[in-house]
Amino acid sequence: MTATAPQKKRSWLKGDSITTLSLLLSFFVLCIFFATQTEFFLTSANAANLARTLAVVGICSIGMTLVLISGGVDISVGSVAALSGVLASLFWLEFSLPLGLSTFLALLCCTLVGLLNGLIITVIKINPLITTLATFSIVRGLAFVISEGQTNQLNNAAFTYIGRGSLVGLPFSLILMLVLYLGFAFVLRSSAFGRNLYAIGGSPEKARLAGINVSRHLLITYTLCAFLAGLSGIIIAAQLASSAPRAATGLEFTVITAVVLGGTSLAGGKGSLLGTLVGVIILRVLDNGLVLMEVSSFYQDVARGLVLLLAVSFDQIRLGLSRLRRGST
Amino acid sequence: MNALLLEMRGIHKAFYGVKVLEDVPLTLYRGEVLALLGENGAGKSTLIKILNGDYQLDSGQIFLEGQAVYFKEPRDAEASGIKMIYQELHYAPDLSVAENLFIGNLPRISGPLGRFFIDWKKMRQEAKHALALLNVEIDPDTPMRDLTVVERQIVEIIKAIYADAKLLVMDEPTAALTPPEVEMLFDTVRRLREKGVAIIYISHRLDEIFQIAQRVTVLRDGRHVASKPMSEVSPASLVEMMVGREIEARQVELAEQTAGAKVALEVRQLGKTGVFEDISFKVHEGEIVSIFGLLGSGQISLTRSIFGAERSDRGSIFVNGQEQRIRKPQDGKRAGIGFVPIDRKVRGLVLGMSVRKNLTLSNWQNLSRLSFFLPQLERQHSQTWIEALGIRMAGGMDVPVRFLSGGNQQKVVLARWLEANVKVLILNEPTWGVDVGARSDIYDQLEMLAKKGLAILVVSSDIQEVLSISHRVLTLYKGRLTAEFDHSEASQDKVLNAAAGGAL
Amino acid sequence: MKLRTVLLSLLLAFAASLSFAQECSTAKDNYKIGFANLTEDIVFTQLVRESIVSAAEGLGNVEIVLADNKLDGATALSNTENFITQGVDGIIHFQTDEAFGNVIMARARNAGIPVMAIDIPMPGAVFFGADNYNAGRLAGEALGNWVNTNWDGAADAMLVLELPQSGPIPAARMQGMLDGFQDTVTTKLSDEQIYRLDSKNTQEESFRVVGDTLPSIPDATKIVAITINDGTALGTIAAAEAAGRKDQIMVVGQGADPSGQEEMVKEDSRYLGATGYFPENYGDKLLPAMIDILECRPVAPAIYQDHVFITKENLCEFYADEQAAFCKP
C-alpha cells in the first residue's frame, strides 16, 4: 500500500533529523569559517565567554519554543525579563526582603503575567500576537514605573553567582540552562502535555474535538513561557549585578529568531528543543565571531537577518524537493 | 439487508424562516455505503450537520440503533460513534501516525505518574493492531507530514473506527486523489463494510457512486426525492431525480466551422522530458478542442506549459500567427491566453473578496482612464459580465465569492479572463465538483464564447463531456498525441481506445 | 565698498537701538512657559523636568506647562501646537528630531513665541545644554592622567563603547574622550589598539560585546575603556569581571547618574569617574535665560552647561545627599 520503508526505532533525531542535521552542519561551517578568520575564535577564553553568555537567550527560547509549537507567539518575553530584574531589586532594596525571597517573588510575578496572557488568549479569545503585544507594552511600562527609570545595583555575591558563578568548571547559568533543556525536551517528547501541544499547534479545533483541554494547555504554556522569560531576566540582572527597566530590549526578536532558526514553525505543530538549542548557539556564535572579526555592528544586524532567511529558505527548498520527489513517484 | 443502524424521521430545518429541509427521512443499515446525492443547495450538508450535532433540528427524530438520540454538539455525536471524515484533514505534521490515532486519548504508563507520561510501547502496538485491521501497511512511527493525502485520509478513517465509530460520513473524499489513490480508498471502504461500519458517501461523481454504494438517497430543494438500491437506478435516472427534469445527453450546438477560420493557437513539437513529447496541434477561432487522456497522461502539464505555469523544454507556441516566448504565466496572459486550473481553490478566486473585485482583479487597466481607477467603470464591467454569463448570487456583486455555488464560481473565473480580452481560453476539467444543473450552464457559456470567436482548449477526463462539447477531440496517451477526431467521427469507443494507447 | 559696509552697519545699529528703545512687548509680570521633555522614561530627563519645575517655584512668577515629546518629532510638533493654543509666553523644547526643528520653529515664530532648545539645537532657538565634546575631553584627560600615574603612561588596548546609530551628539562625546585621552597620555595608542564597539545604549549589549572582544586581546593587561554613559560602563566592568580580568581594566563614562556614582564609590572600583551633566541644575540656568529673552535683554545664542569630571574624590561635593552612606559615614 505504501512505500514507506519500515523504521524500527524512534530515534530521537528522527522527525526533524534533516533540519537538525543541516543546522548542525551550518554550525560547523560557521565555526570553521570563524576559526580561519580570527585566531581568537578557538581559544579557551572565548569558549568560556560563549558558555557564560548563552543562558539568557537560551532559557527564554525554551518557553518561546513551547508557545510557537502550540501555534501562538509571545512578544512580551523581553518586557517580562526586564520586569523580573526590576522587581527583584524593588523587593530587595525598597522592601528590604531577603534577596532569595525577592528573586522568588519577582519570578512569581512574571509567572502571573504569563497566566494573564494565557487567560486573555483562552478566555477572552484575543489573538496571541495582539495580547502579548499589549502586555509587551504594559509590562515594559510597569518596569519603568516601578524603577522610576533608574538602574539599580544588586551587589550580592550569592545573587551574582547565578549569572557569573561556576560549578564543576562550567558556568552555573549554562548548567541551569542545560538542565532546563533536558527537562523540557523530555516533557515535549514524552509527556502527554508535550504531545498534545503539537496536536494543538497542528489544529486547535481538531485537538478540541479529540478531547484535549486546549485552554488549559495554552494557559500552562504561556505561564511557563513567562516564568522562563523572568528567569532570563534574573540571569541578566545577576550577570550585570544591576537591574534596569531597559534591560532585554528586543530580546523577543532574538529569541524568535533563534527558535525559528532551530526549525520550529511559526504556524505551529512543528519544532523541537534540540533544534532551538542549536539555533541559540548558532546565533550566539555568529554574533561572537563577527565581533572578534571587528565587523561593524550594523553589518552584524545584516548578517543575523541573512542567516535567518538562509536557514528558513533552506527548509523551504528541502520541503519543495521532497514534494517534487513524491510527485514524480 | 443488515440491521437498521440509523433512522432519521421527518427532519425539518429552517434558517431565518427559509426552509432548508422539509420532512426529510434517512435510513442507514449496518455495513452499507449509502450515497447521498443532490445538487448544491439541495440540503445534503445541512442534513449531515444535523446528524453530527453541528446544527439543531427544528422538528423530527433521530434513532441510532433503535434509541432516540439528540446531539447538542459534534462531540456528542462522536461519542455515539458518528464520525465525519473531512475533505481537508488537519493534522499536526510532527506527530507520528500512532500519535495521531490516539491523540486526546494517549495511552499512559501505569503508576502514579501515569497522568503525565505516555506508554510508547503500548501505543505503538495498538497502532499496529489498528492499522492491521484494514490491512494498511503504514509504519506507525512515520510523521504525518510524510504521508500522501490518501494515506492521511486512511489514518483518519482508522482512527474513527478504532474509536468504535459505527457510522462514517465521507464528504467528497476523492476530490484530491489520483485514480490509483481512489482505488486504495475504495479498498479501505470495502473492508470497513465487512466490519459492519455504515458509510454515508457524498460525491458529485456518479461513476464513483456506482462503484462503491449499495443504496442511494436523493435530495432536491430540501426534500427527499427517493431512496433506492443502486441496482434500480441508472446515471440518467439519478440525474433526473437530482435536477427534477430530464436532461438528455447534452449536445452542444456547435457552430459550423468555417473553412477559412484563422488559427488562434498553434503548438509545434512541444516537449517536456519525461512528461510529453512532440505535441503539435492547432485551435481555430470559434473552435472548441478537447484533449482527452487518462489521468497522468501529461495533459495537465501540457496545458500548463502552453500558458506558462510550467516550462516546456522544446517546441514553439504561436498565438494569432505570432511566435510567443512563454516562460511564466504573465507571458501567457500577455500573449492573450486565459487559463482556468483544475483545483477550485486555486482557480484564482479570492474567496473572501466580492464577486465584483474578483471579476476585475488584475484587470484594472481596463477600468482606468489615464491611470486613474474608476469604480463606476468597475461596476459597469462587472454588471455586464454578470448578465452575460448569468452569474447567480444572492445579494448582488458585493457578496464574497465564497458564498457562490461551484458552478457560479467557475463562471466568475471565466468572466475574469474574458475581461482580460483573451483570444485563447484553456480550461482544465471545467465541471469537476460542479453539479449537474450548473454543468449545463457552463456548457452554454462555452458554446456562446466559441460563437463569439474565442478559441477554447478543454482538458477533461469525462468522456461524455468531451464528446458533447468539442469540435475536435485530441487523445493523449503517455505524453503523446495518439489520434484526432472530428466531432462527427468521435465516439466513446474510438476515443477511449485511442486514449488507452490503442490497446483496447 | 568700504563705505557701503560702514553705512550698512550704522543703519543696523540704528535699527537695533530703535528696537531697544521701544517698550518690550513680551515683558510681563507673570509668565506661562511650556516645557516639552525629551521623554519621561529616563532618569536624566526626569531630573531635567524636576529642575525646571523647582526653578519655577523658586522664581515665583513662572507657571510651567508640561508635555512629553516621547522621543518623537511629530509628537513634539503637536506639543508645540498645544502650547500655542494654551497661550504660553515661551517654549522650552527638548526634542530629538532635527528634521522637525524647522517646522516647530516656524509655528512658534508665527505665534511670536520664543523657543529654547535643550541639547539638540533647533534653527533660531536659543540653545542650552551639554558641551558634548568638552565634556568628553574632561573624562578622556582624567583617564589619560590615571594611566600616566598608574600604568607608566601606556595602555595596551582601548575599548570604545559608542552609540553609532544615534548620530552626532554621542559621537562628539566619544571623540572628546578619545582626543582627551590621546592628548594627555604619554604613549599614544595606535589605531590597531582601539576597538570600537556598539553599545546599543544598554548594559547587556555592552556586556556581550566586551565579553566577545576580551578573548581577542588575551595579552592586554592594561585596558582602558571609554563609554557613552554610566550603564554602558557598568556592562563593560561586569564583562571584565565575568572574564576574570576586572583588575586589567579602567573605565570612564558620561553622566554620573546614581548607578554610576554607586559604582565609583565601591572599594577597588574600576570606574574611574564620569563627566557630570547636572540635569538637576538645568532649570536654574534655563528659566532666567528664558525670562531674559522675554524681557528683551540680550542672550547668547548658545548657553553651555558647566561640566565637571566626577570621581570618588569630588563626588561628595555634588552628591552628598544621594551617596549619603559614602559621604557621611
Side-chain angles (χ1 to χ4, degrees), chain A residues 38-50 52-53 56-57 81-82 85 140-141 143-145 147-153 155 160 163-166 171 235-251 284 287-294 296-298 300-301, chain C residues 39-47 159 161-165 192 194-219 229-239 241-246 255 257-263 265-267:
Chain A
T38 155
E39 58 193 300
F40 308 109
F41 183 72
L42 289 180
T43 57
S44 60
N46 195 44
N49 163 50
L50 283 175
R52 268 197 306 274
T53 46
V56 172
V57 174
R140 179 70 69 182
F144 274 106
V145 169
S147 64
E148 295 170 341
Q150 300 259 18
T151 299
N152 284 307
Q153 297 239 354
N155 291 308
T160 50
R164 300 179 185 171
S166 298
I235 292 172
I236 294 174
Q239 276 175 347
L240 299 169
S242 65
S243 75
R246 216 170 287 95
T249 306
L251 180 66
R284 184 67 194 88
D287 282 350
N288 168 257
L290 292 174
V291 172
L292 287 178
M293 284 171 65
E294 296 183 50
S296 136
S297 71
F298 296 150
Q300 291 178 34
D301 293 342
Chain C
T39 165
E40 284 293 330
D41 278 356
I42 55 179
V43 183
F44 185 88
T45 57
Q46 289 167 5
L47 290 173
L159 307 180
L161 274 294
E162 55 186 0
L163 189 56
Q165 79 244 30
E192 290 76 48
I194 297 173
Y195 294 83
R196 291 183 171 274
L197 307 174
D198 185 353
S199 72
K200 299 223 161 72
N201 203 14
T202 68
Q203 274 188 69
E204 305 113 89
E205 194 61 20
S206 22
F207 178 80
R208 185 182 74 79
V209 289
V210 172
D212 282 350
T213 307
L214 286 176
S216 69
I217 43 173
D219 301 326
N229 57 30
D230 291 293
T232 314
L234 263 52
T236 303
I237 294 166
E241 195 172 358
R245 296 169 72 173
K246 192 180 173 190
D257 64 25
S259 65
Q261 295 164 18
E262 241 176 276
E263 189 67 34
V265 302
K266 279 184 188 166
E267 218 165 299

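In the text below, chain A, chain B and the rest are named by the order of the sequence lines, each starting its count at 1.
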Between A:Asn288 and chain C, which part of the residue has a heavy atom less than 4.5 Å away: side chain, backbone, both or neither? both
When rounded to the nearest 0.5 Å, the distance separating CG of C:Leu214 from CZ of A:Phe40 is 11.5 Å
Quick one: which of A:Val145, A:Asn155, A:Thr249, A:Thr53 has the most heavy-atom pairs under 4.5 Å with chain C, could you say? A:Asn155
Identify which part of A:Phe298 has an atom lying under 4.5 Å from any heavy atom of chain C, answering side chain, backbone, both or neither. side chain
Report yes if some heavy atom in the side chain of C:Pro164 is under 4.5 Å from a heavy atom in the side chain of A:Ser297; otherwise report no. yes
Can you say whether A:Leu240 sits under 4.5 Å from chain C via the side chain, the backbone, both, or neither, judging by heavy atoms? both
Partners passing ring pair (Phe, Tyr, Trp, His ring centres under 6.0 Å) against C:Phe44 (at least two apart in sequence or in another chain): C:Tyr282
Under the criterion side-chain contact (heavy atoms from CB on, under 4.5 Å), I'd like the reasoning laid out for A:Arg284 against C:Arg208: C-alpha separation, chi angles, the key distance, then a yes or no. CA-CA 10 Å; A:Arg284 184 67 194 88; C:Arg208 185 182 74 79; 3.7 Å; yes
Contact origin within C:Glu241 toward chain A - heavy atom pairs under 4.5 Å: side chain
Note: C:Gln203 and A:Ala244 closest approach over all heavy atoms is NE2-CB, 4.0 Å
Using a cut-off of under 4.5 Å on heavy-atom pairs, state which of A:Ala241, A:Ala247, A:Gly289 scores highest against chain C. A:Ala247
Can you tell which of C:Glu205, C:Arg196, C:Lys200 has the highest number of heavy-atom pairs within less than 4.5 Å of chain A? C:Lys200
Roughly how far, to the nearest 0.5 Å, is the CD atom of C:Glu262 from the OG1 atom of A:Thr151? 10.0 Å
Could you look at A:Ala48 and say if it's the side chain, the backbone, both or neither that has a heavy atom under 4.5 Å from chain C? neither
Treating C:Glu204 as the side-chain partner and A:Ala248 as the backbone partner, does any N or O pair qualify as donor plus acceptor under 3.5 Å? yes
Around atom CD of A:Glu294, are there more than 12 heavy atoms from other residues, nucleotides or ligands closer than 6.0 Å? yes
Please look at A:Gln300 and chain C and tell me whether the side chain, the backbone, both or neither of the residue comes under 4.5 angstrom of a heavy atom of that chain. side chain
Value rounded to 0.5 Å, distance of CD in A:Gln150 from CD in C:Gln46: 7.0 Å
Interatomic spacing from CG in A:Asp287 to CG in C:Asp212 - rounded to 0.5 Å: 7.0 Å
What is the minimum heavy-atom distance between C:Ala242 and A:Arg52, and which atoms define it? O-NH1, 3.2 Å
Rounded at 0.5 Å granularity, tell me how far CZ in C:Phe207 sits from CD1 in A:Ile236. 10.0 Å
Distance-minimising heavy-atom pair for A:Arg164 and C:Ala238: NH2-CB, 3.3 Å
